[in-house]
Amino acid sequence: MQNNRIVLDTNCLLVSISCYGEGYPVWRGFLDGRYTLCVSTDVLEEYEEIISRLASAEVARNVIDAILKRKNVLRIDPYYRWNLITTDPDDNKFVDCAIAANATYIVSDDSHFNVLRDIPFPQLMVLKLKEFLTLLNQEWK
């Protein structure tokens with residue numbers, strides 16, 4: 001699992017940063033270096049915007065700082081926009097990041113990402129948060 005590159009959509013990040021949530025092992029796994037988190041500037045900006053709105057600007061800054069200070073982060077600047085998700089084009093920032101990073105998985109519970117299962121190229125694997133948690137738990141055993 002340690003060599004896997006992951007793109008987390010914002011909702012999955014949100015449920016993972018609280019130590020009281022069932023998604024917390026995803027954040028803990030990141031902090032422990034269990035996988036590489038792939039982010040672009042667009043992804044980081046969305047993380048900061050949504051966390052600021054739902055929690056506070058301070059919490060958002062702390063999360064972004066924690067991400068940027070880790071060695072297991074891959075910063076990506078996608079130069080091509082694939083526009084594979086038409087139902088919610090804002091989700092394409094995660095797809096573009098995943099393609100540019102050659103990510104192993106996009107972790108998302110958002111149904112808009114389901115369209116990626118039917119696209120033969122570029123091939124992207126989307127996991128639900130619970131599926132990714134199962135992978136993390138299997139590795140820790």
Side-chain angles (χ1 to χ4, degrees), residues 1-119 121-141:
M1 189 86 206
Q2 193 168 13
N3 295 324
N4 287 326
R5 294 179 177 187
I6 308 304
V7 174
L8 281 176
D9 88 352
T10 307
N11 289 327
C12 289
L13 176 68
L14 284 171
V15 299
S16 73
I17 57 177
S18 170
C19 62
Y20 302 109
E22 72 174 292
Y24 183 68
V26 171
W27 182 250
R28 185 78 253 159
F30 167 67
L31 295 177
D32 291 342
R34 308 301 287 208
Y35 60 88
T36 298
L37 180 64
C38 305
V39 295
S40 65
T41 300
D42 289 342
V43 168
L44 289 170
E45 287 174 353
E46 178 166 314
Y47 287 171
E48 186 170 18
E49 175 190 342
I50 302 301
I51 295 169
S52 291
R53 188 177 338 134
L54 297 176
S56 70
E58 181 180 4
V59 170
R61 277 191 306 276
N62 289 338
V63 169
I64 299 302
D65 285 346
I67 290 171
L68 294 176
K69 289 179 181 175
R70 303 297 304 167
K71 291 181 181 180
N72 56 318
V73 169
L74 180 60
R75 297 273 319 254
I76 294 295
D77 291 318
Y79 293 104
Y80 186 78
R81 307 292 183 223
W82 290 85
N83 297 313
L84 297 176
I85 299 177
T86 57
T87 53
D88 187 356
D90 197 42
D91 288 334
N92 282 308
K93 67 176 63 80
F94 299 99
V95 175
D96 295 338
C97 180
I99 293 169
N102 196 25
T104 312
Y105 308 112
I106 296 175
V107 179
S108 176
D109 288 335
D110 187 334
S111 63
H112 297 133
F113 287 87
N114 291 345
V115 69
L116 300 176
R117 294 183 178 136
D118 300 326
I119 296 172
F121 181 83
Q123 200 166 33
L124 295 166
M125 182 170 286
V126 180
L127 293 179
K128 301 288 185 194
L129 184 65
K130 286 188 178 197
E131 293 171 317
F132 187 61
L133 282 167
T134 299
L135 284 178
L136 286 174
N137 288 334
Q138 287 173 350
E139 182 193 88
W140 289 333
K141 288 182 179 177

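Computed from a predicted structure; not experimentally measured.
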- Item | L37 vs N72 side-chain heavy atoms within contact, under 4.5 Å | no
- Min side-chain heavy-atom separation V73-V39 under 4.5 Å: yes
- Message: Under the salt bridge (charged side-chain N to carboxylate O under 4.0 Å, His left out) definition, can you give me all pairs with a residue in residues 58-75, not counting sequence neighbours?
- Response: none
- Task: Would you mind reporting whether L13 and I51 have side-chain heavy atoms less than 4.5 Å apart?
- Result: yes
- Query: What heavy-atom pair brings A60 and S52 nearest, and what distance separates the two atoms?
  - Reply: CB-OG, 3.2 Å
- Looking at side-chain heavy atoms only, is the closest gap between F132 and Y35 below 4.5 Å? yes
- Item | Partners meeting side-chain hydrogen bond (donor to acceptor under 3.5 Å, both in side chains) with D110 (sequence neighbours left out) | H112
- Message: Looking at every heavy atom in both A101 and I76, which two are closest together, and how far apart are they?
- Response: CB-CG1, 3.6 Å
- Message: Less than 4.5 Å apart, side chain to side chain, heavy atoms only: is that true for E49 and R53?
- Response: yes
- Query: With a cut-off of 6.0 Å (strictly less than), are more than 12 heavy atoms of other residues, nucleotides or ligands near CD of E22?
  - Reply: no
- Query: Do N11 and D109 have side-chain heavy atoms sitting under 4.5 Å apart?
  - Reply: no
- Message: I want to check something: taking the side chain as every heavy atom from C-beta on, are F30 and L8 in contact at a cut-off of under 4.5 Å?
- Response: no
